[in-house]
Every structure is written in structure tokens, then in C-alpha cells.
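For this chain, numbers begin at 1 and follow the sequence in order.
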Amino acid sequence: MHELLKARPEVEELTPVHDAFVPVIKMQFGGVDIDLTFASLQLPTIAEDLELLDTNLLRNLDDASIRSVNGSRVTDEILRLVPNIPNFRLALRCIKLWAKRRAVYSNAMGFFGGVAWAMPVARVCQLYPNACAGTIVARFFRIMFNWKWPSPVLLKAIEDGPLQVRVWNPKLYAQDEAHKMPIITPAYPSMCATHNVSTSTKTIIMAEFKRGTEITDRIMTKKADWDELFEKSDFFYRYRHYLQVNVTSEDEDDHHRLHGLADARIRHYIMKLEMTEQIVLAHPYIKSFDHKFVATTDDEARKIRQGILPETDANSEGKAETKTKPEAEAETEQKKLFTSAFYIGLLIKERPANSNGKQRMDLSWATQEYIKLIKVPDLWKEESMSMTVRFLRGPQLPDEVFDGQPRSRKHRSSKRRQNDGAASDGQQSASEQQSKKSKVASATVPSTSGFNAPQNGAEKKPAPTAEASKAASNEASTSSPGAPKPDTEQDGAGSTVSRSGAAGAGTSVATSQKPLTSGLATLPTIAAPVPPATKTGGIKLKLAGSS
């Protein structure tokens, strides 16, 4: 089927994923995203009007075929179980749009997939059979936020059948008992559609449910509009530290397969990162950033493979004319390189106040284990593929991830600023906050991902002479007693952040580990990550055996 589809002109981005839980061919057919699954039924012919709801069709099928057939069986069963199909469809479209905008729509990354979002919406429709779509959406957020996880979401009782196949049962299977947010398919054999959810992704989903509950409550009282619910995710403003996973190939078809495997296995990387002591939360972004470049020198090709990308790709006009090369570089034959970058936001524990020395965080084991999952013999080609993982601070992120929006961190609400200011020893005045924001906005930031900012502080300055030290001391004694030092600032939590440090320093975002309680269940906030101390040491990210 892959070869047949490859020959058709309507097909683009053809990516077979053989090792997935449900083997799938991902593609764009005529501009429409399609996930194509396959099952071999034990029938001599396939009738045009074949109904897959008959359980007897599952006899003598292997596990992969049963899971593939269940995709169609589950959607048919959902439509049969909802009381009002038009209202269900309208509400589901709204929830799917919200999930994509908030970057929580990806089964492979550990969030909910399409059918996993459909079943909770269908359950709310069952609870409120006469409600309109807007009411269903509002009730959806409140019910899902207050759901007693890991109690499963069920559209009907789990059925027993005649086949010797595994049915979801946490009392029999430890793996089923470990599911954090189980949503169970209604068609036999019942399975968990959310088995990929990890501790981090559950925290993120619950935070989004909480946000949706608060906004829809205001919408229902006419204090907000629907546009607020669909605001884009602030993922690239949310954290101080990120991991950038880069995969590169010289052949387009090979790259589609490599991209598919890296995407499908990144949730394993998340679970291994969660085992690192200093990491509170590892948040994957659901989309990759893909490019095609033409490298004209060995040095340029090496930088692209390392994730240091040129400002323009191969499809941009005028690249060959604007690109300058030192004469000392040895030119090579032009080589096409296909790249994809995945991003993971890291929420790191704050160093205890009484700790001494530098704090180090070792991510090498988790990273090497993830690389092993990608470098499988049947796919990996050492001579034409490469993979790197880079540790980045917020200002080192490339411009493309902000989608034309300002790079500066988004402003918090006045209520949030007041709460943060009350927690500090002394609240800053409005003029001081505005001055600090101006300094942050004017700070130098990189224009591309090729910017290499120091990670453990700024460049060392020469030691001052005795005369200079004395003059500086006299100048400091004449300044106002409450003025901050020139190279440091106080953040909202009362800790000092150096402006001359590495990228990410100078962003005065106050954070707190206190849970948010606004009439709803308690949930720790993840909107503003914990800022590192002035000297946090380094991040150990050794990639043994990687290109």
C-alpha cells in the first residue's frame, strides 16, 4: 500500500509507522490529513455495505488487526450511544479546536487523541441529553476537571465476549491499573484510549481543564467571550529551560520515516525525564518544526545536523546570493538536508536556600535511552541520518516557534501580579516593574537557533583595579538605599537574578509552588515555572554515540 500511495500525485508527507500500537500510514491526500490503518478480515470478499459492529468478524484476527478494526467500530458505537448527534458533533468540533490551540491534542505525545476527546464529550451528552452544544462544552470542562481520576470514563458497561482477547480490567492487569486517565472504548474488546498519558501530561491536561472551567463559567455569565477559550498555547513563554530534539536526513522518504519514529517515541523520553530528581515536569510540544536546507559546505551541513539552522531554508528566494562563505572553507557538492525539531519544556526544582555549591542535573541517561529507541537497525542509516539533543534557555529559542508574536514573556494578569507581590518581602512599585520590563524587552536575543549563549553565566570580566574598586564603592554609597544593584534584580519570589548571566536571566517572573484554589479542586499551577537560583551550575547532557 505504501508503494501504491507513493506513486499518486495527490499524496504528500507519506509516513508509514509500522511499530505503532496500531500500525498506521500517515499522509496528506489532496491536502487532507489521513491516518490509514489496515486489517485483514477472514472473509472471502468485502461487501460494500459491510457493518463492522458484528463481533464475529474479529475471530481469528491478530492483535494489530483487532485494534485497527476497532477504530471504525468505536466511532460507530459512539454515534449509536449519544442522544443527539448534531449537538454532539458541534460540541466535539469545539473541544477539538480548543485542544489543538492549547497544544494538548496528540496521542503520540501523551495527551488525548481524536477518539479520546470524543468519548468524554459523548459522556457529557449522555448526562445532559437535552442540552445545546454550548452548554455541553461548559459542562465538559467542569465534569472532566472534577472527575475522580483514575476512575474510567465509560459510555456503557464493559462487555465480555466469546473471543480469547484481552479486555481492559485493572483488577487483573497491573498495566491497566497504572493508567492515569483511563477513557475506555465502548466496542468489544474494550481498550484504554489514553494509555500514553504520563504524570507530566496529566498535570498539563488538568491545568487546561481548570482554565477551561474558569473561562466557560465567565462565558455563561457573559463576563467573557469564546475567543478567550481558544487562545493559543503559551508553551514557548512558559518555561525557562527547553530541550530541542533534532533529527536530520538526506533523503525525503527516509526523513518521513525517521520523523514518524521520533514523534512516536518521544513519550518514552518524557517518562525517563520524569525520573530525573530535579525535574518537576517535562512538557512536550505537539508539533515539530520541519525544514529543507541546501548545504554548500561541510561546516554548514555539520551545523544543520546539530540543530544550528540557517535563517532561510531551501525554498526561500535569494539564499544562494546572500550566503557568504570564507575562502578557507572547502566547498562540497550541494546536499539537501531535511530537518525536524521537537521541543520539550522543563520545569526544574528550585535549589534549596540552604544548599551550598553548584547544582547539577544529569540528563544523559534519559537522552541516551531515547536515542537508542530511534537508532533501530531497520530504519537508521548512519551515513545519511543524524540526531542531536540540545539544551536551550528561553531566549535561545528560534524565532519561528513564536509564530510572529513578540519574544518577550506574556504579561500576567493584575490579580496574579498582586498575589505574587504579596508573597514577596517588599512589593515593587508600578514604575519599578515597568522599568524592569523595559530592560528585559531591550535585552539582546538571538534571531535564529544558531545562537550559542553561555549556559553557566556570562563571560568573565577582568578584575577591577584598586582605583576602580574604590570609585565604584564611592558611587554605590551615594545611590538611594532601596535601589537594586546594577547587574541584579529581585524577582517576585525574593530571589536575586543576574542580568549578566546566561540566556533566560533577567526575566522577572515570580513563581510559587502554592496550589491555585478558586472554588475548584486544588491543582498546582504550571503557568510560571520555578526560576533557577543565581548560580545553578550546569546541565549535563552527554550524548554518547550520537552524531
Side-chain angles (χ1 to χ4, degrees), residues 91-92 94-121 123-124 127 136-154 170 177-184 192-219 228-235 237-239 267 270-271 273-274 279-286 344-347 349 413 416 511-530:
L92 180 58
C94 179
I95 294 300
K96 285 189 172 184
L97 174 61
W98 163 83
K100 290 179 180 179
R101 292 281 180 87
R102 301 304 300 171
V104 289
Y105 190 118
S106 174
N107 179 62
M109 293 288 183
F111 298 104
F112 290 2
V115 71
W117 285 118
M119 287 185 286
V121 175
R123 183 67 185 123
V124 176
L127 296 173
I136 291 171
V137 170
R139 294 294 182 181
F140 166 84
F141 286 112
R142 179 164 290 277
I143 290 173
M144 288 299 105
F145 178 72
N146 290 284
W147 195 268
K148 303 301 181 182
W149 306 104
S151 297
V153 175
L154 297 169
E177 187 180 9
H179 293 158
K180 294 174 173 57
M181 303 181 74
I183 299 175
I184 310 305
C192 180
T194 53
H195 61 277
N196 287 345
V197 174
S198 66
T199 302
S200 292
T201 54
K202 178 186 176 182
T203 303
I204 296 159
I205 293 170
M206 292 301 296
E208 292 297 339
F209 283 159
K210 182 179 188 298
R211 174 185 175 272
T213 301
E214 294 172 341
I215 293 176
T216 51
D217 284 350
R218 295 200 304 271
I219 291 174
E228 185 178 350
L229 181 67
F230 300 110
E231 286 183 356
K232 289 187 176 181
S233 170
D234 60 346
F235 174 84
Y237 299 91
R238 185 177 296 182
Y239 303 100
R267 63 185 177 88
I270 298 300
M271 290 187 287
L273 289 171
E274 290 174 347
I279 292 181
V280 179
L281 182 133
H283 182 176
Y285 191 62
I286 62 173
I344 302 172
L346 299 179
L347 182 58
K349 289 181 181 178
S413 64
R416 178 68 178 274
T511 60
S512 173
Q513 290 288 358
K514 296 180 180 179
L516 293 177
T517 54
S518 56
L520 304 172
T522 301
L523 183 73
T525 179
I526 62 171
V530 178

Discussion item. Under the criterion side-chain contact (heavy atoms from CB on, under 4.5 Å), I'd like the reasoning laid out for His179 against Val197: C-alpha separation, chi angles, the key distance, then a yes or no.
Written reply: CA-CA 7 Å; His179 293 158; Val197 174; over 6 Å; no
Let me have the donor-acceptor pairs involving side chains of residues 101-109, under 3.5 Å, with sequence neighbours excluded, atom names and distances please.
residue : atom : partner : partner atom : Å
Arg101  : NH1  : Phe230  : O            : 3.1
Arg102  : NE   : Glu208  : OE1          : 2.9
Arg102  : NH1  : Glu231  : O            : 3.0
Arg102  : NH1  : Lys232  : O            : 3.1
Arg102  : NH2  : Glu208  : OE2          : 3.3
Ser106  : OG   : Met109  : N            : 3.2

Worksheet item: Roughly how far, to the nearest 0.5 Å, is OG1 of Thr203 from CG of Leu281?
Response: 5.5 Å
Practice prompt. With rounding to the nearest 0.5 Å, note down the distance linking OG in Ser200 to CD1 in Ile279.
Written response: 8.5 Å
Compare all side-chain heavy atoms of [X] with those of [Y] and state whether any distance is below 4.5 angstrom.
X: Asp217; Y: Arg142; result: yes
X: Ile183; Y: Pro152; result: no
X: Phe112; Y: Thr194; result: yes

Nearest heavy-atom pair of [X] and [Y]: which atoms, and what distance?
X: Pro182; Y: Pro150; result: CG-O, 3.1 Å
X: Ala282; Y: Ile270; result: O-CG2, 3.6 Å
X: Ser233; Y: Arg238; result: OG-NH2, 4.4 Å
X: Ala91; Y: Val121; result: CB-CG1, 4.1 Å
X: Val115; Y: Ala193; result: CG1-CB, 4.2 Å
X: Met144; Y: Trp149; result: O-NE1, 3.3 Å

Worksheet item: Charged N to carboxylate O below 4.0 Å: is that the case for Glu214 and Arg218?
Response: no
Worksheet item: Are there more than 12 heavy atoms of other residues, nucleotides or ligands under 6.0 Å from atom CZ of Arg139?
Response: no
Worksheet entry | Check: Arg123 side chain, Phe140 main-chain N or O, donor-acceptor pair, under 3.5 Å | no
Item to complete: Give the ring-plane orientation class for His283 versus Phe235, where under 30° counts as parallel, over 60° as perpendicular and anything between as tilted.
Response: perpendicular
Practice prompt. Would you check if the distance from the ring center of Trp98 to the ring center of Phe141 is below 6.0 Å?
Written response: yes
Discussion item. Phe111 vs Ile204, test: side-chain contact (heavy atoms from CB on, under 4.5 Å). Steps then yes/no.
Written reply: CA-CA 9 Å; Phe111 298 104; Ile204 296 159; 3.9 Å; yes
